[in-house]
Amino acid sequence: MSFNYNDMIAVSPILFLSAYSLLLLIVDASLKRPANICYWLTLVGLVVSGFLTVFTYNASGNAFNGMVFTGRFPAFFEIVFVLSAALSVLLSKPYLEKERINFGEYYTLLLFATLGMMIMASARDLMVLFLGLELMSISLYVLAGFVRRDAKSNEASLKYFLLGAFATGFLLYGIALVYGASGTTNLSVILERFSVTQNDPLLWIGAALILVGLSFKISAVPFHMWVPDVYEGSPTTISGFMSTGSKAAAFAALVLVFSYSVHPSWQLQLVIAYLAAFTMVIGNLIALVQTNIKRMLAYSSIAHAGYALVGIAAANSLGRTGVLYYMLAYTFMQIGAFGVVSVLENKEGKYLQISDYEGLANKHPVIAALMALFMFSLAGLPPLAGFFGKYYLFASAVSAQMTWLAVVGVLASVVSVYFYLNVVVSMYFKELPEGSTSVAISKLGATALIIAAAAVIELGLTPGYVVALTERLF
Amino acid sequence: MIPLGYYIGLSAILFTIGVVGVLTLRNAIVIFMSVELMLNSANLALIAFSAYSGDPAGQILVFFVIAVAAAESAVGLAIIIALFRNKLTVNIDEVNVLKW
């Protein structure tokens, strides 16, 4: 057994955020009107935690006797989670005030969820992976149902909880079987045993069950049924946070378990490739017929999970680069799109239908331009961030001799252009409905949207920098 | 000593009962009980593997799972109560505001 301060430094963002969110919980409980203080403290905590990841960047290797993976890979994902959480928090305050649910616990729970994601991304042991996943999920179950008087929010929370716990059951049983087959829960040791005992059915069934459990979290078809309902019913800012942060965390775990730790053999690779193909096609096709914008974004989020799964299926270094780049790019564009909805929508449910966006460009030219930018990026039009993400992912499939998967992906994203551009057409080429009033846009929300938009453009113009960063991650 | 296969067989049966319960039953609380059955079947498998290989890691994982499951039930029952206050039902067929 060894214990040293290098280990503490290597996981300092996680340690800091654990202590900080517990303190925040006490602050929240001991003040009379804690919402605004919690809001600022949460932002400070996220910034400090993001700053600390800089120091962990060069601490490559393992910490705490091989339980925790440290260094560039977790640091990269920690930055993604912090950005996702910080943008959500910025958008949350005006949204929560509008919905009259501005309570301090919201921010604490959001920090706990972020902490769970960070733990997932640094899991070198299935035990740690399980704990991180549960910390994230349990916090998100509560956040999904945060509008307690709203039946929709209750329902979203219940569905998320029941199906999330169901998925946890699969994941845990998978962990149990893999443990039985390999005698350990440490991923690097499992990898070594795996190369010796290729034909152990217990290991295969276990790996498949873990894949099912994580597929629920990334919302891959056929495990996607909860996504549209949950994203529609949850508070909009939380939908944005769930569709980016929790998805990125599950992808980090997928990279650690499948693309990196356990080298996928031919069958497992093919299974993931089929999952990716179905997810891309079905997600995009169902998104075509949606009239509610949150539901449309939910199906689009399913489709984007499919694109990123292509990188996992390819299981080469280009694929990993693609997944990491895409998670960063996707975080900005998806939070931006949900952010626009959260800034515009009101308690009566206005701006939840796509038809409500008709003529928006005349009323709110800046917001409409930002929405158009996010839609173009989600559709994958160059030179925005979404285009380069898809390019790397599909290129990785071609280099892994799965050209068919790249073809399916390209066709699916052609279909997706229709429903993304539909929103843009509504905003710019439709008449403003009679008697429509303009909405007061909050400054905080607009700031977050502009940051996200700048990042989408910046990542698209200079993708080489981030790609060079991701290539040196392992 | 009872062979390891018996324990794993029992845990597989319990897991299957849990999965079928989640998929077929309509009461939110009973579905939740089925999920707990799935978690506990995994616990049983972990303990059996751990005991037969003489490695304590599996049993320690079970402690974590029990703690997590307790936290999950607290949140889950609170969610079900919040739903019941609004809709006066816990039957998931009647919880259908959201659909396409």
Side-chain angles (χ1 to χ4, degrees), chain A residues 125-128 130-131 133-135 137-139 141-142 144-145 148-177 179-186 202 205 209 228-233 286 289-292 295 299, chain B residues 4 7-8 11-12 14-15 18-19 22-23 28 31-32 34-50 52-55 57-58 60-62 64-65 67-69 71-87 90 92 95-100:
Chain A
D125 193 290
L126 291 173
M127 216 182 278
V128 179
F130 175 74
L131 285 178
L133 185 103
E134 282 301 287
L135 180 55
S137 306
I138 293 177
S139 312
Y141 300 150
V142 183
R148 220 175 40 164
R149 54 180 157 64
D150 180 18
K152 263 179 161 182
S153 186
N154 289 154
E155 184 178 335
S157 168
L158 181 76
K159 282 184 174 162
Y160 192 28
F161 167 71
L162 287 179
L163 289 171
F166 188 51
T168 303
F170 280 100
L171 181 84
L172 189 68
Y173 206 75
I175 291 176
L177 292 186
Y179 172 71
S182 60
T184 176
T185 51
N186 191 299
L202 217 51
I205 300 170
L209 287 175
D229 290 352
V230 171
Y231 287 9
E232 188 191 341
I286 304 184
V289 295
Q290 297 305 319
T291 54
N292 181 306
R295 270 189 112 72
Y299 279 106
Chain B
L4 177 62
Y7 288 107
I8 306 309
S11 94
L14 287 177
F15 185 77
V19 172
V22 172
L23 295 178
I31 292 176
F32 181 48
S34 306
V35 169
E36 290 292 308
L37 194 60
M38 288 167 71
L39 293 182
N40 282 324
S41 74
N43 283 347
L44 183 62
L46 278 169
I47 294 171
F49 282 131
S50 170
Y52 275 78
S53 66
D55 171 48
I60 293 171
L61 178 53
V62 170
F64 282 108
V65 174
V68 163
E72 209 168 48
S73 356
V75 166
L77 292 176
I79 289 171
I80 294 173
I81 289 172
L83 180 87
F84 184 78
R85 280 195 181 145
N86 264 336
K87 308 204 71 163
V90 287
I92 53 165
V95 183
N96 52 7
V97 187
L98 302 166
K99 63 180 163 199
W100 55 301

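Chain letters run A, B, ... following the sequence lines, proteins first, then strands; residues in each count from 1.
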Using non-hydrogen atoms and a 4.5 Å limit, figure out which bit of B:L23 sits close to chain A: side chain, backbone, both or neither.
side chain

Most heavy-atom pairs under 4.5 angstrom with chain A, which of B:K87, B:R85, B:E36, B:E72?
B:E72

Option that, when pairs with chain A are counted at under 4.5 Å, heavy atom only, ranks first among B:G58, B:A45, B:S53
B:G58

To the nearest 0.5 angstrom, please state how far the CD1 atom of B:I80 sits from the CG atom of A:L158.
6.0 Å

Donor-acceptor under 3.5 Å (A:Y160 side chain, A:S137 main chain)
no

First locate atom CG of A:L209, then atom CG of A:L172, and finally report the distance between them rounded to the nearest 0.5 Å.
10.5 Å

Might you point out which heavy atoms bring B:Y7 and B:L44 nearest each other, and give the distance in Å?
O-CD2, 4.2 Å

Part of A:F166 lying under 4.5 Å from any heavy atom of chain B
both

Run the ring pair (Phe, Tyr, Trp, His ring centres under 6.0 Å) test against A:Y231 and tell me which residues pass, sequence neighbours left out.
none

Residue list, ring pair (Phe, Tyr, Trp, His ring centres under 6.0 Å) with B:F49, at least two apart or on another chain
none

Which one of B:I31, B:L4, B:V65 has the most heavy-atom pairs closer than 4.5 Å to chain A?
B:V65

With chain B, which of A:L177, A:L162, A:L171 has the greatest number of heavy-atom pairs at distances under 4.5 Å?
A:L162

Specify the closest pair of heavy atoms between B:D55 and A:G183, including all atoms of both residues, with the distance to one decimal.
OD2-O, 3.3 Å

Mind checking whether A:Y173 and A:I205 have side chains closer than 4.5 Å, heavy atoms only?
no

Who wins among A:F170, A:Y141, A:F161 for the most heavy-atom pairs under 4.5 Å with chain B?
A:F161

Identify the two heavy atoms, one from B:A82 and one from A:R148, that lie closest to each other, and give their separation to 0.1 Å.
CB-CG, 3.9 Å

If you take all heavy atoms of A:E134 and A:T168, which pair is closest and at what distance?
OE2-OG1, 3.0 Å

At a 4.5 Å cut-off on heavy atoms, which part of A:F130 comes close to chain B: side chain, backbone, both, or neither?
side chain

Please state whether the side chain, the backbone, both or neither of B:S50 comes within less than 4.5 Å of a heavy atom of chain A.
both

Contact origin within B:V62 toward chain A - heavy atom pairs under 4.5 Å:
neither

Whatever's closer than 4.5 Å to a heavy atom in chain B on A:L131 counts as side chain

Out of B:I92, B:L39, B:I47, which one racks up the most heavy-atom pairs below 4.5 Å with chain A?
B:L39

Contact origin within A:L202 toward chain B - heavy atom pairs under 4.5 Å:
side chain

Given that the side chain runs from C-beta out, which part of A:S157 has a heavy atom under 4.5 Å from chain B: side chain, backbone, both or neither?
both

Tell me whether A:T184 contacts the main-chain N or O of A:Y179 through its side chain, where contact means a donor paired with an acceptor under 3.5 Å.
no

Given that the side chain runs from C-beta out, which part of B:V35 has a heavy atom under 4.5 Å from chain A: side chain, backbone, both or neither?
side chain

Identify which of B:A74, B:A57, B:A69 forms the greatest number of heavy-atom pairs closer than 4.5 Å to chain A.
B:A57

Segment of A:N186 engaging chain B (4.5 angstrom heavy-atom cut-off):
neither

Between B:F15 and chain A, which part of the residue has a heavy atom less than 4.5 Å away: side chain, backbone, both or neither?
side chain

